[in-house]
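By convention here, the first residue in the shown sequence is residue 1.
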Amino acid sequence: QVQLVESGGGLVQAGGSLRLACAASGRSFSTYSMGWFRQAPGKEREFVAVISWPGGGIMYAHSVQGRFTISRDNAKDTVYLQMNSLKPEDTAVYYCAIRPGRIVTAQAEEYDYWGQGTQVTVSS
């Protein structure tokens with residue numbers, strides 16, 4: 001059974017940093033692309049970043065470009081999201097998701113598996 005478990009969320013002041021991690025289990029994910037999405041209260045889920053396997057293709061949402069960095073450790077089947085210069089508008093539940101293949105996409109419906117999410121709250 002495939003499981004994705006996020007960690008690293010929390011409360012941080014504006015301008016601060018957090019590092020999210022998502023550990024995948026249940027099979028080998030070395031040929032899967034791994035992404036992050038987020039959903040703020042009252043808003044639709046939105047794309048944040050994705051990294052292809054084995055890591056050559058990366059795409060970011062315009063709103064986080066230059067502040068967030070996605071990376072992966074294939075040996076650990078784990079994807080990370082380093083979030084710097086956080087803003088109150090980054091407050092949301094952050095979800096990791098995975099899909100087979102090299103193609104990077106921002107379309108949530110293209111992802112097969114999802115984690116339960118981790119809350120990130122940025123205070124002003």
Worksheet item: Leu11 and Gln119: side-chain contact (heavy atoms from CB on, under 4.5 Å), yes or no, with the steps?
Response: CA-CA 8 Å; Leu11 173 63; Gln119 176 70 47; over 6 Å; no
Worksheet item: Is there a donor-acceptor pair under 3.5 Å between the side chain of Ser52 and the backbone N or O of Ser33?
Response: no
Practice prompt. May I ask you to check whether over 12 heavy atoms, not counting those of Gln116, lie within 6.0 Å of atom CD?
Written response: no
Discussion item. Assigning hydrophobic clusters by single linkage (Ile, Leu, Val, Met, Phe, Trp, Tyr; side-chain heavy-atom cutoff under 4.5 Å), is Leu81 placed with Trp114?
Written reply: no
Worksheet item: Should Val79 and Val64 be regarded as members of a common hydrophobic cluster, given that ILVMFWY residues are connected when their side-chain heavy atoms come within less than 4.5 Å of each other, either directly or indirectly?
Response: yes
Worksheet item: Do the side chains of Tyr32 and Val50 join up, straight or via other hydrophobic residues, at under 4.5 Å, putting them in one cluster?
Response: no
Donor-acceptor list for residues 93-103 side chains, cut-off 3.5 Å, not counting sequence neighbours:
unit_1, atom_1, unit_2, atom_2, d
Tyr94, OH, Arg38, NH1, 2.9
Tyr94, OH, Asp90, O, 2.6
Arg99, NE, Glu110, O, 3.2
Arg99, NH1, Ile103, O, 3.0

Worksheet entry | Residue pair Asp73, Tyr80: steps toward the side-chain contact (heavy atoms from CB on, under 4.5 Å) verdict | CA-CA 8 Å; Asp73 184 336; Tyr80 303 96; 4.0 Å; yes
Worksheet item: If you round to the nearest 0.5 Å, how far is OG of Ser124 from NZ of Lys87?
Response: 14.0 Å
Discussion item. So does Ile70 get a backbone contact from the side chain of Tyr60, meaning a donor-acceptor N/O pair under 3.5 Å?
Written reply: yes
Response to the item:
Heavy-atom nearest pair, Ser17 first then Ser85, reads OG-N, 4.3 Å
Discussion item. Would you say that Phe29 contacts Val2 through its side chain, given a criterion of any heavy-atom pair below 4.5 Å between the two side chains?
Written reply: yes
Worksheet item: In Å and rounded to the nearest 0.5 Å, what is the CE to CZ distance from Met83 to Arg19?
Response: 11.5 Å
Fill in: Shortest non-hydrogen contact from Ala92 toward Ala40
CB-N, 3.8 Å
Discussion item. Any heavy-atom pair between the side chains of Glu6 and Leu20 that's under 4.5 Å?
Written reply: no
Fill in: Closest approach of Ala24 to Leu4 (non-hydrogen atoms, all atoms of both residues)
CB-CD2, 3.4 Å
Practice prompt. Work out which heavy atom in Leu18 is nearest to a heavy atom in Leu86; give both atom names and the distance.
Written response: N-CD1, 3.8 Å
Practice prompt. State yes or no: do Trp36 and Val122 share one hydrophobic cluster built from I, L, V, M, F, W and Y residues joined by side-chain heavy-atom distances below 4.5 Å, directly or via other members?
Written response: yes
Discussion item. Checking Tyr113 against Arg27 for the side-chain contact (heavy atoms from CB on, under 4.5 Å) test, could you report, in this order, the C-alpha distance in whole Å, the side-chain angles of both residues, the deciding distance, and whether it holds?
Written reply: CA-CA 12 Å; Tyr113 301 101; Arg27 65 174 63 177; 3.5 Å; yes
Practice prompt. Could you tell me how the ring of Phe37 sits relative to the ring of Phe47: parallel (under 30°), tilted (30 to 60°) or perpendicular (over 60°)?
Written response: perpendicular
Worksheet item: Just wondering, more than 12 heavy atoms not from Glu109 lying within 6.0 Å of its CD?
Response: yes
